[in-house]
Amino acid sequence: CKSPRVTIVGAGRVGSTLAQRVAEKNLADVVLLDIVEGMPQGLALDLLEARGLELHHRQIIGTNNYADTCDSQIVVITAGVPRKPGMSRDDLLKTNAKIVVDAAKNAIAFSPNAILIIVTNPLDVMTYLAWQATGLPRYRIMGMAGVLDSARFETFIALELGVLPADVQAVVLGSHGDLMVPLSRYATVNGIPITELLDRETIGRLVERTRNGGGEIVELMQTGGAFFAPASAISVMVESILLNQSRLLAVATYLQGEYGLNDIVIGVPCRLGCAGIENIVELHLTDEEAEALQSSAQWVRDNITQAQEILAMKP
Ligand code: APR
């Protein structure tokens with residue numbers, strides 16, 4: 001019998017940390033693919049040399065060739081370039097959109113049954129473009145952001161209250177970025193709503209910090225963005241799919257009327273199992289929350305249109 005296999009396209013900081021998580025959690029064999037020659041091979045060898053110490057026996061391969069990724073159950077795409085001085089936002093969007101679309105097509109050519117998880121930013125837009133380019137059914141392609149944004153919100157709540165992070169549950173909907181929609185009224189500490197434990201101003205401050213979660217880390221590090229928590233968030237999704245756990249997680253998915261939104265990718269609660277997205281859960285939102293989700297969707301829509309225009313993909 002064959003071990004499950006996870007391919008990670010883009011062996012940068014997020015990709016290589018994810019490879020470590022997947023192998024050390026003993027979830028699957030890992031193929032790390034990157035455009036840079038030697039780099040994914042070196043990382044794979046380094047991870048292999050840790051196997052005896054970390055007590056697992058997963059295969060880890062580094063490659064520059066999609067043929068080596070064949071028959072993967074899951075393909076995670078983190079490939080992209082960071083913005084360089086003098087590079088416009090449009091140039092960056094165009095470059096990364098091309099990288100993601102090519103990676104998705106190449107990966108699916110060798111793993112026609114794979115489930116795709118897109119991580120490259122802006123991930124709601126990238127997931128939409130990859131869905132369109134591959135023609136995959138919507139339950140097999142998704143973006144990672146909500147799990148990370150929710151974990152950040154949970155972290156800030158736990159820090160504020162001085163409770164165990166694992167005792168805090170929260171959910172963040174919408175696009176990844178300033179317009180994400182943290183749902184404070186659904187956040188609890190072991191079932192107790194945070195609205196019973198914290199005042200409005202404090203909750204507002206934690207929501208703002210969550211919205212700026214990625215930016216806060218970039219500002220501190222100066223040389224790039226977060227990768228430990230993003231890799232953990234992806235590994236939770238990978239685990240729910242491979243182990244058919246049906247976990248209910250915030251995932252960027254293609255909507256067809258859910259939440260009153262059509263033909264767009266945005267983060268909403270989904271159950272993740274072995275087939276991918278098993279179903280989308282529609283929550284009853286207050287007017288304020290619904291409006292915030294609409295604004296978030298409008299931002300994604302504008303960016304998809306812009307990306308399609310610069311890619312000249314629009315008919
Ligand atoms: N094919 C394969 N790999 C590629 C390609 C390509 N066409 N183009 C670039 N890459 C690789 C780079 O060589 C690099 O190793 O993608 C990797 C990206 O890694 P990092 O620059 O370290 O970026 P990282 O911090 O891992 O973030 C990756 O995730 O959270 C998002 O916004 C973040 O879009 C970014 C992505």
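Each ligand, and each atom within it, is numbered from 1 in the order the structure gives. Everything numeric in this text was worked out from a predicted model, so none of it was measured.
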List the atom pairs, with distances to 0.1 Å, where a side-chain N or O of residues 279-287 and a protein N or O form a donor-acceptor pair under 3.5 Å, not counting sequence neighbours.
unit_1 : atom_1 : unit_2 : atom_2 : d
E282   : OE1    : Y259   : N      : 2.9
T286   : OG1    : E289   : N      : 3.1
T286   : OG1    : E289   : OE1    : 3.4

Do any side-chain atoms of residues 103-118 form donor-acceptor pairs under 3.5 angstrom with protein atoms, and if so which ones, sequence neighbours left out?
unit_1 : atom_1 : unit_2 : atom_2 : d
N106   : ND2    : D102   : O      : 3.1
S111   : OG     : T69    : O      : 3.1
S111   : OG     : D71    : N      : 3.2
S111   : OG     : S72    : N      : 2.9

Donor-acceptor contacts, no H, no angles, side chain residues 145-155, under 3.5 Å, sequence neighbours left out:
unit_1 : atom_1 : unit_2 : atom_2 : d
D149   : OD1    : H176   : ND1    : 3.2
D149   : OD2    : H176   : ND1    : 2.9
S150   : OG     : G146   : O      : 2.6
S150   : OG     : V172   : N      : 3.1
E154   : OE2    : A170   : N      : 2.9
T155   : OG1    : A151   : O      : 2.7

For ligand 1, find each of its N or O atoms that sits under 3.5 Å from a protein N or O atom, and tabulate the pairs with distances to one decimal place.
unit_1   : atom_1 : unit_2 : atom_2 : d
ligand 1 : 3 (N)  : I35    : N      : 3.4
ligand 1 : 13 (O) : D34    : OD1    : 2.7
ligand 1 : 13 (O) : D34    : OD2    : 3.4
ligand 1 : 15 (O) : D34    : OD2    : 2.7
ligand 1 : 16 (O) : G80    : N      : 3.4
ligand 1 : 22 (O) : R13    : N      : 3.0
ligand 1 : 25 (O) : R13    : NH2    : 3.1
ligand 1 : 26 (O) : R13    : N      : 3.1
ligand 1 : 26 (O) : V14    : N      : 2.8
ligand 1 : 32 (O) : N121   : ND2    : 2.8
ligand 1 : 34 (O) : N121   : N      : 3.0

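Without hydrogens or angle criteria, R51 side chain to R58 main chain gives a donor-acceptor distance under 3.5 Å.
Ring geometry for Y128 against Y254 counts as tilted: the plane angle lies between 30° and 60°, on a 0 to 90° scale.
With salt bridges taken as basic N to acidic carboxylate O contacts below 4.0 Å, none links E208 and R205.
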